[in-house]
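Worksheet for the structure shown next.
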Amino acid sequence: MYELPKLPYAYDALEPFIDARTMEVHHSKHHATYVAKLNEAVENNPELQAKSPEELLRDLSAIPEAIRTAVRNHGGGHVAHTLFWKSMGPNKGGMPTGKVGELIEKDLGGFAKFKEDFSKLGAGVFGSGWAWLVIDEHGLLKTMMSSNQDNPLSVGMKPIMCLDVWEHAYYLKFQNRRAEYITEWWNVVDWDSIEENYKQLRNA
Ligand code: MN3
């Protein structure tokens, strides 16, 4: 059974940038529902249950057609939110240091340009989706967007940071003002955690 991961901080820890009520509903309702529906999708398939949710997304063609869309959507939702919670933390924000900071300079034109590009990607998603920072097939950092719960893992990328731009991520506090939510979100980005993700995944 796949499980809802515990948040690594309290629901109100990201105030005033991300409000406690949004965090609570987002984690305990939205994310929990993705986990429940993923479990439902694979309930008669012990072979799939033995795989990590990331493994499921890395090869969607291996998923039986009858449940492929459910795994893509709910498995995608589970994996993306797990990374999203880890991409944020209290008393964070600022600029990346370490290897990720170096690579943002080298691969993405520097932090200011990266921040602008990533924010534009998130703001530009039509409907629901995500902005991502990934390690590409050549080992370079790259920004990308995805629709709905589609995950960069399914196209051979290794995501190390993501931003949820579904309305449920910001509507209670920001209503339709997605760009404002994104501006505030940079104050909670946890570069230490993203650095850890990079180190774990670069040779994986
Ligand atoms: Mn969400």
Side-chain angles (χ1 to χ4, degrees), residues 1-42 52-54 56-58 60 69-90 92-93 118-134 143-155 157-190 193-194 197:
M1 292 283 276
Y2 301 107
E3 281 178 19
L4 180 66
K6 273 183 73 111
L7 267 195
Y9 38 78
Y11 286 135
D12 64 0
L14 306 182
E15 294 266 12
F17 309 111
I18 310 288
D19 62 292
R21 181 71 183 136
T22 294
M23 287 300 294
E24 182 176 357
V25 174
H26 201 174
H27 177 259
S28 72
K29 307 289 185 205
H30 289 281
H31 189 172
T33 301
Y34 293 121
V35 175
K37 292 201 166 172
L38 174 62
N39 282 323
E40 222 172 88
V42 299
S52 72
E54 288 83 3
L56 298 177
L57 297 178
R58 260 183 233 123
L60 287 171
T69 299
V71 169
R72 175 176 166 182
N73 289 341
H74 304 300
H78 176 31
V79 168
H81 285 89
T82 301
L83 181 64
F84 182 52
W85 311 134
K86 284 170 65 184
S87 299
M88 304 186 287
K92 297 292 182 180
F118 189 93
S119 298
K120 272 192 194 155
L121 275 179
V125 171
F126 182 74
S128 299
W130 296 79
W132 303 86
L133 178 61
V134 305
T143 56
M144 59 186 288
M145 58 147 286
S146 74
S147 291
N148 302 312
Q149 297 297 0
D150 284 351
N151 198 287
L153 288 169
S154 304
V155 290
M157 304 290 146
K158 300 171 188 170
I160 62 170
M161 160 185 175
C162 59
L163 166 62
D164 192 342
V165 296
W166 283 58
E167 275 190 347
H168 68 225
Y170 60 87
Y171 201 82
L172 291 179
K173 180 174 162 78
F174 297 98
Q175 291 80 52
N176 64 327
R177 304 186 308 277
R178 187 194 286 180
E180 198 181 312
Y181 154 67
I182 295 174
T183 301
E184 295 294 300
W185 179 77
W186 289 102
N187 291 299
V188 299
V189 172
D190 185 347
S193 166
I194 292 158
N197 296 338

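This is a predicted model, so every value here is computed, not measured. Just the heavy atoms: all of them, side chains too, but no hydrogens, waters or symmetry mates, feed the values below. For ligands, and for the atoms within them, numbers begin at 1 and follow the listed sequence.
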Which atom, among the N/O/S set of Asp164, is closest to the Mn ion (ligand 1)?
-> OD2

Between Cys162 and Ala80, the two heavy atoms sitting closest are SG-O, 3.4 Å

Compute the ring centroids of Trp166 and His81, then answer whether they are less than 6.0 Å apart.
-> no

Positive for side chain to side chain contact (heavy atoms under 4.5 Å, CB included) with Tyr170, one of Lys173, His168, Glu167 = Glu167

Does the side chain of Ser119 come within less than 4.5 Å of Trp186's, by heavy atoms?
-> yes

Can you tell me, to 10 degrees, how wide the angle at the Mn ion (ligand 1) is between NE2 on His168 and NE2 on His26?
-> 90°

Closer than 2.8 Å to the Mn ion (ligand 1), do we get an N, O or S atom from His31, backbone or side chain?
-> no

